[in-house]
Number of protein chains: 2
Amino acid sequence: MVKNKKDTTTEEVILAAAKKVFVQKGMAGARMQDIADEAGINKALLHYYFRNKEKLFEVIFMEAAEKLFPKINAIFEADQPLFEKIENFCEEYISIVMDNPYLPLFVLNEINQDPDYFLKKVWTGKSKPNPVKLLEQIDKEVRKGTIKRINPMHLLMNLISMTIFPFVAKPMFQKNLGMSEVQFKMAMEERKKEIPRFIIDSLKK
Amino acid sequence: MVKNKKDTTTEEVILAAAKKVFVQKGMAGARMQDIADEAGINKALLHYYFRNKEKLFEVIFMEAAEKLFPKINAIFEADQPLFEKIENFCEEYISIVMDNPYLPLFVLNEINQDPDYFLKKVWTGKSKPNPVKLLEQIDKEVRKGTIKRINPMHLLMNLISMTIFPFVAKPMFQKNLGMSEVQFKMAMEERKKEIPRFIIDSLKK
DNA sequence: ATTTTTGTTAACCATTTGGTTAAATCATAT
DNA sequence: ATATGATTTAACCAAATGGTTAACAAAAAT
């Protein structure tokens, strides 16, 4: 429950509360009352600021999606050598996600419930990841013979999987490997360098 | 909606319906009425066979978890050279998940909502993945100098991430790479060989 | 054949939940 | 001070939802 001495506006308090509840419980599991309680306000006030649950959810979801998708794009489309691009992606993306470890699962889950609706809603303009440039870049390196033969799609999947999945499976990994919160953070920090090294080692001839 | 001409028992019909609805909508989003409709039966009959929603959900969840976790364990603990074990894991695990592409996200999501409850419930005895043997095996190879230096934990994370994540992000990958259902299946089939090759290439000196 | 048990249903019930209303309070301009 | 508009609340409301009941049908046991 967050107090409001007017350094934060009510709307911000609501959004913070809504984010917390939605991300933890999902659209279906979240209760408007929970959000109100978390924000320390009356339930009616929620509807005063955001007409209904769906509208409020959409704001939170879009905010989350905007935090996750456009950055991928920017890095993938950058004008940079392949290996640097990979290093850059891991470094920057892990940083982003470390600040919001639960966003990826939240977004992936909601997308899964209704792919067409969400993907059309989210991927409008700049937000739509466009992997073709990266795929072509990989293909070019393969043809030049500077890296081993590999299907660019698989390399892309490998890169994204290794970067994001540990956050999606955070509780599982933590429990199973007996990692504390700090240990997990440290491990993710290491992966910023570890993943590029792993990939580049695999690609080098 | 499934018909029941007594080659399948009512209980089985219910479980199939429940699985479909729970996996798609999650515990919170699933409606008992939806499950009843999907099974082509009265809602009261659900409660006749399974006392309540929670009980029914638990059956479905455990069924899903039992399908995903024990196999990991078996392979990890097998008595086999490291590279063969990796090849084996990808081959077998991708096969399992291809039959139920939506199970991983479902399970990960529910675990995320209440890690302690579910992980205690699921990881009892044989079901609990025990990665220590594999970790030690990796460590041994590193010390023998047969593979490059690598933190076993990261290698384990990489292996699991590359294997499972594409299914977790299935709609995203499909939409973004413009893949049909068949193309996705083909890609996953390829990954059975692609992932081990990628990993082994990275580890070889 | 008929009793008993098992399976199935329609009609209900209580609670939860998203959403509304009308009144109260607060801030601001006049 | 006070009128005005924005903000906040308590009390409600209707629909949805998990769950129950009592009656009925089918199968199994006697």
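A note on names: the letters A, B, ... follow the listed sequences, proteins ahead of strands, and every chain is numbered from 1.
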Just to verify, what does A:Phe61 make a ring-ring contact (aromatic ring centres under 6.0 Å, His included) with, not counting sequence neighbours?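 Per chain and number, A:Phe61 pairs via ring-ring contact (aromatic ring centres under 6.0 Å, His included) with A:Phe57, A:Phe118.
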List for me each residue that meets ring-ring contact (aromatic ring centres under 6.0 Å, His included) alongside A:Phe198, sequence neighbours excluded, and say none if there are none.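 A:Phe198 satisfies ring-ring contact (aromatic ring centres under 6.0 Å, His included) with no other residue.
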Whole-Å gap separating [atom2] ([N]) and [atom1] ([X]):
{"X": "A:Glu54", "N": "C:dT17", "atom1": "CD", "atom2": "P", "value": "18 Å"}
{"X": "A:Asn42", "N": "C:dT21", "atom1": "CG", "atom2": "C1'", "value": "12 Å"}
{"X": "A:Arg31", "N": "C:dT17", "atom1": "CZ", "atom2": "P", "value": "5 Å"}

Nucleotide of [options] approaching [X] most closely (side-chain heavy atoms):
{"X": "A:His47", "options": "C:dT9, D:dG18, C:dG19", "answer": "C:dG19"}
{"X": "B:Ala44", "options": "D:dT7, C:dA10, C:dG7", "answer": "C:dA10"}
{"X": "B:Met32", "options": "D:dG18, D:dT8, C:dG7", "answer": "D:dG18"}

Using a cut-off of 4.0 Å on non-hydrogen atoms, how would the nucleic acid contact of [X] be classed: base, sugar-phosphate, or nothing?
{"X": "A:Tyr49", "answer": "sugar-phosphate"}
{"X": "B:Asn52", "answer": "sugar-phosphate"}
{"X": "A:Ala28", "answer": "nothing"}

Is there a donor N/O on one and an acceptor N/O on the other, under 3.5 Å, for the side chain of B:Lys53 and the base of D:dG19?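 No pair found.
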Evaluate the side-chain proximity of B:Ile195 to A:His154: yes if any heavy-atom separation is below 4.5 Å, no if none is.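 A side-chain contact is absent here, since even the closest heavy-atom pair is not under 4.5 Å.
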Do A:Leu45 and A:Tyr48 have side-chain heavy atoms sitting under 4.5 Å apart? yes
Please confirm whether the shortest side-chain N or O distance from A:Thr10 to OP1 or OP2 of D:dT8 is below 4.0 Å. yes
